[in-house]
Asks: 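I have a structure here, written as structure tokens, and I will follow up with some questions on it.
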Amino acid sequence: MANHLMKTTAIGLIAASAFVGGAQAGGWNRGEADTDILFEDGDIVARGGYTFVMPKRGYDTIDGVAATDDDFSQNYSIPSFAAKVKVSDRFACAFTYTQPFGADADYGAEAQAAGAAIHKDFITNEYASTCAVNMDAGMGKAYLLGGVFLQDFDYTANAAAGTLRLEDDAAYGYRLGVAYAIPEYALRVQLMYRSKVEHDADEGSFDWNAPVPFGLQDAFGYGTLPQSLKLSVQSGVAPGWLVYGSIKWTDWSVLESLNYSIGYPPLPSGYLPQEDVYNWKDGWTVQAGVGHSFNEKISGTVNLTWDKGVDSGADIYTDTWTLGAGILAKVGPGELRAGAGVSYLTSGSQSVANDATFDATADGDWAYAVTASYKVSF
């Protein structure tokens with residue numbers, strides 16, 4: 001029984017969770033560090049993965065008129081890498097890479113005429129080390145987890161006036177967590193906290209378009225990306241069967257705005273202050289799923305995720321429902337995991353009265369995602 005249940009553990013928590021950040025769900029959430037690798041067998045374990053998301057979000061109306069612009073949301077990818085090193089039976093560390101936050105949008109002619117930018121995108125890269133110490137506790141083991149990470153930030157916005165670029169090469173944060181596991185029953189309960197990150201982009205630029213004669217000027221800005229707290233639970237319920245779930249809180253209310261200044265020589269200060277207003281609310285993500293081991297080599301999972309919208313009317317980031325499915329197969333010297341998901345993005349609206357640049361509505365939209373990863377153990 002334990003043998004079968006442990007096979008479903010990995011597929012339940014890794015393939016299933018691949019789509020939580022997809023399709024614009026949870027504000028700008030994208031990838032999560034693969035710290036689950038700390039609980040997998042092997043002195044040295046490595047896993048690499050790639051997720052591709054295709055959100056189809058567009059405006060239905062702009063300033064009260066039916067819109068014909070193409071979807072503004074752009075496809076994106078989420079790379080992931082993790083390597084675990086077991087130092088002793090009581091201590092192990094994981095080294096991970098992913099892109100935790102990001103956004104990418106191209107706005108059509110109608111949205112631009114209403115005041116939208118031409119293009120906006122930003123990406124963050126996270127490089128982290130997380131370690132786990134375990135001790136015997138009852139029938140299982142108790143774990144203390146902790147680590148630090150470096151996160152960078154790269155933001156670009158193209159508008160009629162010019163092109164803004166903001167960069168922060170290195171900001172730092174930390175993770176803290178606790179867990180309890182009984183491997184015999186594939187039982188694990190884990191609580192993980194990820195700190196907020198303050199970004200100061202001191203070395204940016206703004207390239208003014210003609211006919212404004214200022215050319216390339218300095219720019220700088222600052223903003224906060226949120227802290228989060230996630231509770232994950234999994235348990236075997238019958239030979240070859242596993243159920244799992246999670247609930248995650250993300251402090252998106254910390255993101256009231258992105259504040260920046262661009263070089264503008266006519267002003268005494270030499271800079272023109274600017275602000276992108278968000279006024280977001282806290283986000284909640286809830287997931288539940290089931291995994292099954294079909295035989296010694298193949299396991300599968302299906303899950304449902306609800307993500308609470310974070311917008312307050314300054315933009316459109318609504319509730320999202322995602323149905324995901326995944327499979328694990330022993331291929332060659334390791335394990336191949338693959339999955340797919342479909343998301344429904346509920347309808348929403350933004351308004352000038354709520355600090356939006358223009359009034360707009362969006363009908364219900366769809367998003368799609370595929371993922372694959374491969375793990376080897378030594």
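Excluded from the calculations below are hydrogen atoms, water molecules and symmetry mates; all remaining heavy atoms, backbone and side chain alike, are included. Given the structure is predicted, the values throughout are model-derived calculations rather than measurements. Position 1 is the first residue of the sequence, and the numbers go up from there.
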Asks: Could you state whether Phe220 and Leu267 fall into the same hydrophobic cluster, counting links through intermediate Ile, Leu, Val, Met, Phe, Trp or Tyr residues with side-chain heavy atoms under 4.5 angstrom apart?
Replies: no
Asks: Quick one about Asp251 and Ser253 (side-chain donor to acceptor, distance below 3.5 Å, no hydrogens or angles considered), yes or no?
Replies: yes
Asks: Is it the case that the ring center of Phe153 lies less than 6.0 angstrom away from the ring center of Phe101?
Replies: no
Asks: Out of the candidates Asn29, Thr285, Thr250, only one should pair with Asp307 under the side chain to side chain donor-acceptor pair (under 3.5 Å) rule; please name it.
Replies: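 Between Asp307 and the candidates, side chain to side chain donor-acceptor pair (under 3.5 Å) is satisfied uniquely by Thr285.
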Asks: Counting C-beta onward and ignoring hydrogens, is there a side-chain heavy-atom pair between Pro55 and Asn75 closer than 4.5 Å?
Replies: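 Yes. Closest side-chain heavy atoms under 4.5 Å.
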Asks: Sub-3.5 Å donor-acceptor pair from the side chain of Gln287 to the main-chain atoms of Asn303, do we have one?
Replies: no
Asks: Can Arg188 and Asp36 be counted as an ion pair, charged N to O under 4.0 angstrom?
Replies: yes
Asks: Sequence neighbours left out, what passes side-chain contact (heavy atoms from CB on, under 4.5 Å) with Val45? Give chain and number order.
Replies: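 Testing Val45 for side-chain contact (heavy atoms from CB on, under 4.5 Å), a comparison that skips the adjacent residues, returns Ile37, Lys84, Lys375, Ser377.
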Asks: Are any non-hydrogen side-chain atoms of Tyr344 and Leu323 less than 4.5 angstrom apart?
Replies: no
Asks: Would you kindly confirm whether Ile62 and Val352 end up in one hydrophobic cluster when ILVMFWY residues are joined by side chain heavy atoms under 4.5 Å apart?
Replies: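 Not linked; separate clusters.
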Asks: Is there a path of hydrophobic side-chain contacts, each under 4.5 Å between heavy atoms of I, L, V, M, F, W or Y residues, that connects Leu176 with Val133?
Replies: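 No, it is not one cluster - the side chains of Leu176 and Val133 are not joined through contacts under 4.5 Å.
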Asks: So, do Phe358 and Tyr59 have ring centers that fall under 6.0 Å from each other?
Replies: yes
Asks: Can you pull the disulfide bond (SG atoms under 2.5 Å apart) pairs that have at least one residue in residues 185-221, sequence neighbours excluded?
Replies: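 Applying disulfide bond (SG atoms under 2.5 Å apart) to every pair that reaches into residues 185-221, excluding sequence neighbours, yields nothing.
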Asks: Is there a chain of hydrophobic side chains (I, L, V, M, F, W, Y, each step under 4.5 Å between heavy atoms) that links Ile262 to Val277?
Replies: no
Asks: How far apart are the C-alpha atoms of Ile123 and Tyr76, what are their side-chain angles, what is the distance that settles it, and do they pass the side-chain contact (heavy atoms from CB on, under 4.5 Å) test?
Replies: CA-CA 10 Å; Ile123 195 68; Tyr76 61 89; over 6 Å; no
Asks: With a 4.5 Å limit on heavy-atom distance, are the side chains of Asn279 and Asn354 in contact?
Replies: no
Asks: Could you tell me whether the side chains of His199 and Gln151 share a donor-acceptor contact shorter than 3.5 Å?
Replies: yes
Asks: Would Val302 and Val290 count as a side-chain contact (heavy atoms from CB on, under 4.5 Å) if you check the C-alpha gap in whole Å, the side-chain angles of each, and the deciding distance to 0.1 Å?
Replies: CA-CA 6 Å; Val302 62; Val290 60; 3.7 Å; yes
Asks: Hey, is the main chain of Ala137 close enough, under 3.5 Å, to the side chain of Tyr180 for a donor-acceptor pair?
Replies: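 Yes, the answer is positive, given that a donor and an acceptor are paired below the 3.5 Å cut-off.
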Asks: Check this for me: Gln274, atom CD, are more than 12 non-hydrogen atoms of other residues, nucleotides or ligands nearer than 6.0 Å?
Replies: yes
Asks: Under the criterion side-chain contact (heavy atoms from CB on, under 4.5 Å), I'd like the reasoning laid out for Tyr107 against Asp69: C-alpha separation, chi angles, the key distance, then a yes or no.
Replies: CA-CA 8 Å; Tyr107 297 98; Asp69 284 346; 6.0 Å; no
Asks: Can you name the side-chain contact (heavy atoms from CB on, under 4.5 Å) partners of Ser347, sequence neighbours left out?
Replies: none
Asks: Would you please name every residue forming a side-chain contact (heavy atoms from CB on, under 4.5 Å) with Asn259, sequence neighbours left out?
Replies: Tyr222, Ser257, Glu275
Asks: Suppose the criterion is salt bridge (Lys or Arg N to Asp or Glu O under 4.0 Å): which pairs have a residue in residues 154-163, not counting sequence neighbours?
Replies: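 As it turns out, the salt bridge (Lys or Arg N to Asp or Glu O under 4.0 Å) pairs with a partner in residues 154-163, which skip direct neighbours, are Asp154-Arg165.
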Asks: Can you find a heavy atom in the side chain of Phe122 that is under 4.5 Å from one in the side chain of Trp28?
Replies: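 Answer yes - side chains close enough.
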Asks: Do the side chain of Thr318 and the main chain of Thr346 share a donor and acceptor less than 3.5 angstrom apart?
Replies: yes
Asks: Just by modelled atom types, is the Ala105 backbone N or O under 3.5 Å from a matching donor or acceptor in the His119 side chain?
Replies: yes
Asks: What residues, two or more places apart in sequence or in another chain, satisfy side-chain contact (heavy atoms from CB on, under 4.5 Å) together with Val212?
Replies: Trp208, Phe214
Asks: Between the side chains of Ser232 and Ser246, is a donor N or O closer than 3.5 angstrom to an acceptor N or O?
Replies: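 The answer is no; no qualifying pair exists.
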Asks: For residues 343-371, which residue pairs qualify under salt bridge (Lys or Arg N to Asp or Glu O under 4.0 Å), counting only residues two or more places apart or in two chains?
Replies: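 Counting only pairs at least two positions apart or across chains, the salt bridge (Lys or Arg N to Asp or Glu O under 4.0 Å) contacts touching residues 343-371 are Arg57-Asp365.
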Asks: Please confirm whether Tyr278 and Tyr317 have ring centers closer than 6.0 angstrom.
Replies: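 Not under 6.0 Å, so no.
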Asks: I want to check something: taking the side chain as every heavy atom from C-beta on, are Ser228 and Lys248 in contact at a cut-off of under 4.5 Å?
Replies: yes
Asks: Sub-3.5 Å donor-acceptor pair from the side chain of Thr322 to the main-chain atoms of Thr305, do we have one?
Replies: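 Not confirmed, Thr322 side chain does not pair with Thr305 backbone.
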Asks: Hydrophobic clusters join Ile, Leu, Val, Met, Phe, Trp and Tyr when side-chain heavy atoms are under 4.5 Å apart, directly or via other members; which others share one with Tyr374?
Replies: Ile44, Val331, Leu336, Val376, Phe378
Asks: Decide yes or no on side-chain contact (heavy atoms from CB on, under 4.5 Å) for Tyr193 and Tyr174, but give the supporting numbers first.
Replies: CA-CA 8 Å; Tyr193 171 79; Tyr174 61 91; 3.7 Å; yes
Asks: Would you check if there is a donor-acceptor pair between the side chains of Tyr264 and Gln217 at a distance under 3.5 Å?
Replies: no
Asks: Are the side chains of Lys308 and Lys281 in contact, using a 4.5 Å heavy-atom criterion?
Replies: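 Yes - at least one pair of side-chain heavy atoms lies under 4.5 Å apart.
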Asks: Any salt bridge (Lys or Arg N to Asp or Glu O under 4.0 Å) involving residues 197-209? Give me the pairs, sequence neighbours left out, ordered by first then second residue.
Replies: Lys196-Glu198
Asks: For Asp60 and Thr361, indicate whether the former's side chain and the latter's backbone hold a donor-acceptor pair under 3.5 Å.
Replies: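 No: the side chain of Asp60 does not pair with the backbone of Thr361.
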Asks: Could you check if a side-chain atom of Trp280 sits within less than 4.5 angstrom of a side-chain atom of Asp315, using non-hydrogen atoms only?
Replies: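 The answer is yes; the side chains approach within 4.5 Å.
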Asks: With salt bridge (Lys or Arg N to Asp or Glu O under 4.0 Å) as the rule and sequence neighbours excluded, what pairs involving residues 113-137 come up?
Replies: Arg90-Asp136, Lys120-Asp276, Glu126-Arg175, Glu126-Arg194
Asks: Are the side chains of Val197 and Thr124 in touch, meaning some heavy atoms are under 4.5 Å apart?
Replies: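 No, their side chains stay 4.5 Å or more apart.
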Asks: In residues 93-100, what donor-acceptor pairs under 3.5 Å come from side-chain atoms, sequence neighbours left out?
Replies:
residue: Tyr97; atom: OH; partner: Gln99; partner atom: NE2; Å: 3.4
residue: Tyr97; atom: OH; partner: Asn125; partner atom: OD1; Å: 2.5
residue: Thr98; atom: OG1; partner: Pro79; partner atom: O; Å: 3.1
residue: Gln99; atom: NE2; partner: Asn125; partner atom: OD1; Å: 3.1

Asks: Tell me, with the steps shown, if Tyr260 and Phe206 meet ring pair (Phe, Tyr, Trp, His ring centres under 6.0 Å).
Replies: CA-CA 11 Å; Tyr260 59 96; Phe206 189 83; 8.2 Å; no
Asks: For Thr163, enumerate each residue passing the side chain to side chain donor-acceptor pair (under 3.5 Å) test, keeping only those at least two apart in sequence or located in another chain.
Replies: Asn158
